[in-house]
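First comes the structure, then the notes that go with it.
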Amino acid sequence: KVPKVEVLILHNAGSLGRLAYTPLLAVESAAALDLNITSFVLLTQMLLKRFSKQVKLPKSKVRMVFVNISSLLALQAMPSWSLYATGKA
């Protein structure tokens, strides 16, 4: 009997970072993008690679569900929240 495996990935990482009307440093922008975007892309890639063979089997019992939590800021901009909104869009 093939065991049933369910994988639920809930992407909800995000950080507002420094909310300021002054220019952000490049390192601040990179850190925000790494957390808000790159981390969930890398995690998804890793899990797809790990379970891809099992999912393709004819009688596979592997079920993968990815849930991405967004934010109203993905649709409605607010001053100084651009990096957070980018990650949630």
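Here the structure is a predicted model, which is why all the values come from computation and not from measurement.
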- Who are the side chain to side chain donor-acceptor pair (under 3.5 Å) partners of T44, not counting sequence neighbours?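 H11.
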- Task: Could you pull out all residues at least two apart from E6 that satisfy side chain to side chain donor-acceptor pair (under 3.5 Å)?
- Result: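 Partners of E6 by the side chain to side chain donor-acceptor pair (under 3.5 Å) criterion, ordered by chain and then number, come out as K4.
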- Message: So, taking the atom named CZ in F66 and the one named CG in L43, what distance separates them when rounded to the nearest 0.5 Å?
- Response: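 Reported value, rounded in 0.5 Å steps: 7.5 Å.
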List the atom pairs, with distances to 0.1 Å, where a side-chain N or O of residues 26-40 and a protein N or O form a donor-acceptor pair under 3.5 Å, not counting sequence neighbours.
unit_1: E28; atom_1: OE1; unit_2: R18; atom_2: NH2; d: 2.9
unit_1: E28; atom_1: OE1; unit_2: L25; atom_2: N; d: 2.8
unit_1: E28; atom_1: OE2; unit_2: R18; atom_2: NE; d: 2.7
unit_1: N36; atom_1: OD1; unit_2: S15; atom_2: N; d: 2.9
unit_1: N36; atom_1: ND2; unit_2: S15; atom_2: O; d: 3.4
unit_1: N36; atom_1: ND2; unit_2: A32; atom_2: O; d: 3.2
unit_1: S39; atom_1: OG; unit_2: L35; atom_2: O; d: 2.5

- Message: Check for me, please, whether L48 and M46 land in the same ILVMFWY cluster - side-chain distances under 4.5 Å, paths through other members count.
- Response: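 Yes: a chain of side-chain contacts under 4.5 Å links L48 to M46.
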